[in-house]
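Because the structure is predicted, anything quoted here is derived from the model rather than measured. We're numbering straight along the sequence, starting at 1.
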Amino acid sequence: MRNDFKEVINRENTRSAKFEYREKLFGRSDVLPLWVADMDFASVPELQDALIERAKHNVYGYTTYDDDILNAVKNWLKKRHDYDVNTDLITFSPGVIPSLHALVQIFTEENDQIVIQPPVYPPFFSVVKAHNRQLVENPLINNDGHYEINFDHLEQLFKQGAKAFILCSPHNPVGRVWTKEELEQLAKLCVQYDVYLFSDEIHADVIFSSYKHYPIAHLNKDIHQLTFTLMAPSKTFNIAGLQASYVISPNRDFKKKVDEQLMRQGAMTLNTFAFTALEVVYNHGEEWLDELIEQLEENKQLVNDKLEQSQSNISSVDTEGTYLVWLDFSKTGLKHEEIKRKLNDEAKVGLNDGKSFGDQGEQFMRINIASPPSIIEEGIDRIIKAFES
């Protein structure tokens, strides 16, 4: 069955953050929202039926998981990523960011150095600073729209005593799907300098044709012993509002510490509907995901073609995965605040501010292309019109 990713679904008045926060973020409520990382698509059809069926029971007490749920995770990771996971090492958590907070608290001390790679997902900055750790940046190299890791600089940071490294794989916002060779080089450095690796792989399932995601913990036994892999079905299947994620620890001792810390934070388990959703989408969502990726590739090409054919001087980076595209406004000759003003007041399109991803986001913006193509076309046409005039 073909899923309809071209249908426009009205999300107004559903308490959608993507729509309800428009005035607060952009100063007006009439912008076309193409910012926060959720999709404007209906999720896996079987999910709605499963949630309704569970709701009919009408008792919503404390809920736990069983082998069926663990095996749904295991089978998904094996089939999609050839990642054979020991389910005894899985810890469930409401989200990747609460898990990152827990890992920072457990495996680092105050004033320890933690490395991130900007431009990068904004909570990576706060998850380090919130616990009085020292934030150390290893900026990615922008090679004419293709971002690469500066390994020489990274090794210097590791030599200087970095305790942990937060990897974004695939990378948000630049859309890189790291190659096996890049990940092997990174793993070698982490092992050589005994650096914990907190690997955010929440976008691992949304990979475009001719690219492949490699879970870094799966590369070899040495890096496995230093790596905590953070994954979730939330971005993949548009169920972020149900809050389901998990951490895969390298061994039972470390898993016990993760469990204990999340328990102290009150975030040890999932809610009733999150467990239901996780099991259903992993068991029934593969065809839906394959069709989603086809639509996202079509949307990505639409954006690229329109920008290339325009006189706007805007370009998009070489996106290999995720449904987030990093737009480069540097050749417009405009300062960052003027770019924001034109987007808000002339184009009336709401994008993520590039500077929220770090200083390297100056004159960049992030657009979410996970909407029906008619919406993406309208958004990019508005942007082009505003910057051509």
Side-chain angles (χ1 to χ4, degrees), residues 2-6 34-41 43-44 76-77 79-83 117 119-121 140 142-149 167-183 199-216 218 231-238 240 281-282 285-308 314-328 351-352 357 364-377 379-380:
R2 298 293 297 184
N3 293 279
D4 188 0
F5 293 105
K6 292 180 169 56
L34 298 175
W35 61 289
V36 70
D38 72 5
M39 298 189 254
D40 294 327
F41 301 130
S43 188
V44 178
W76 179 263
L77 296 180
K79 187 169 186 179
R80 298 296 293 196
H81 305 296
D82 195 28
Y83 186 15
Q117 294 180 312
V120 74
Y121 185 47
L140 298 177
N142 184 356
N143 187 2
D144 194 25
H146 182 80
Y147 281 80
E148 300 170 352
I149 297 173
L167 174 66
C168 198
S169 178
H171 194 281
N172 170 15
V174 307
R176 273 303 315 278
V177 176
W178 305 116
T179 65
K180 188 176 183 181
E181 291 72 25
E182 287 172 314
L183 292 173
S199 187
D200 175 359
E201 302 185 20
I202 196 169
H203 291 282
D205 296 319
V206 184
I207 307 296
F208 295 145
S209 301
S210 74
Y211 299 100
K212 178 176 173 55
H213 174 74
Y214 295 93
I216 191 168
H218 189 48
M231 288 182 155
S234 54
K235 303 298 184 190
T236 308
F237 297 105
N238 204 26
V281 295
Y282 276 163
E286 189 163 30
E287 179 181 342
W288 183 94
L289 176 58
D290 290 340
E291 294 175 12
L292 166 72
I293 292 172
E294 288 181 20
Q295 184 62 64
L296 294 176
E297 290 188 305
E298 179 184 316
N299 288 0
K300 180 186 72 164
Q301 193 61 50
L302 173 67
V303 170
N304 290 347
D305 289 346
K306 281 187 167 288
L307 290 177
E308 288 173 3
I314 305 167
S315 61
S316 61
V317 304
D318 187 13
T319 306
E320 300 167 351
T322 83
Y323 48 82
L324 307 165
V325 175
W326 195 229
L327 297 180
D328 184 352
L351 306 183
N352 285 96
F357 298 86
F364 285 82
M365 299 287 165
R366 191 189 75 174
I367 184 171
N368 177 349
I369 62 168
S371 295
S374 60
I375 299 296
I376 300 303
E377 185 169 21
I380 206 67

Verify, without hydrogens or angle tests, whether [X] (side chain) and [Y] (backbone) share a donor-acceptor contact under 3.5 angstrom.
X	Y	answer
H218	D82	yes
E182	I149	no
N368	V36	yes
N299	S371	yes
N3	F5	no

If you define the side chain from C-beta out and look only at heavy atoms, does anything of [X] sit under 4.5 Å from [Y]?
X	Y	value
L307	L327	yes
F208	I293	yes
V120	L140	no
I216	W178	no
K235	V206	no
I367	L324	no
E286	K79	yes
M39	Y323	yes

Exercise. Report, as yes or no, whether the 6.0 Å neighbourhood of atom CG on D144 holds more than 12 heavy atoms from other residues, nucleotides or ligands.
Key: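 Atom CG in D144 is not packed in, count stays at 12 or less.
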
Quiz prompt | K180 NZ: over 12 foreign heavy atoms closer than 6.0 Å | solution =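 Not buried by this count: 12 neighbours or fewer within 6.0 Å.
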
Self-check item: Distance-only side-chain donor-acceptor flag, S316 / N304, under 3.5 Å
Solution: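 On atom types as modelled, these side chains qualify, holding a pair under 3.5 Å.
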
Quiz item: Quick one: do the D205 and H213 side chains pair a donor with an acceptor below 3.5 Å?
Solution: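 No, H213 and D205 have no side-chain donor paired with an acceptor closer than 3.5 Å.
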
Any idea which heavy atoms bring [X] and [Y] closest together, and the distance?
X	Y	answer
A37	R366	N-NH2, 3.8 Å
G175	T322	CA-OG1, 4.4 Å
A204	M231	CB-CE, 4.2 Å
P372	F41	N-CE2, 3.4 Å
L167	L183	CD2-CD2, 4.1 Å
V177	P170	CG2-CB, 4.2 Å

Quiz prompt | F364 and W326 aromatic ring geometry - parallel, tilted or perpendicular at 30°/60° bounds | solution = parallel

Exercise. Return the orientation label for the F237 and Y282 ring planes: parallel under 30°, perpendicular over 60°, tilted otherwise.
Key: perpendicular

Reported [atom1]-to-[atom2] distance for the pair [X] and [Y], which is rounded to 0.5 angstrom:
X	Y	atom1	atom2	value
Q301	I376	CD	CD1	14.0 Å
I314	K306	CD1	NZ	13.0 Å
L292	E297	CG	CD	10.0 Å
N172	D200	CG	CG	8.0 Å
S43	N238	OG	CG	6.0 Å
H171	Y121	NE2	OH	13.0 Å

Practice problem: Could you walk me through whether L34 and I375 pass the side chain to side chain contact (heavy atoms under 4.5 Å, CB included) test, one step at a time? | Solution: CA-CA 9 Å; L34 298 175; I375 299 296; 4.1 Å; yes

Exercise. Pick out which of K300, R176, K212 makes a side-chain hydrogen bond (donor to acceptor under 3.5 Å, both in side chains) with E320.
Key: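 Exactly one option meets the side-chain hydrogen bond (donor to acceptor under 3.5 Å, both in side chains) with E320, and it is R176.
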
Quiz prompt | W35/L351 under side chain to side chain contact (heavy atoms under 4.5 Å, CB included): CA gap, chis, key distance, verdict | solution = CA-CA 5 Å; W35 61 289; L351 306 183; 5.5 Å; no

Exercise. In sequence, state the C-alpha distance, the side-chain angles, and the governing distance for V281 and T236, and then conclude on side chain to side chain contact (heavy atoms under 4.5 Å, CB included).
Key: CA-CA 9 Å; V281 295; T236 308; over 6 Å; no

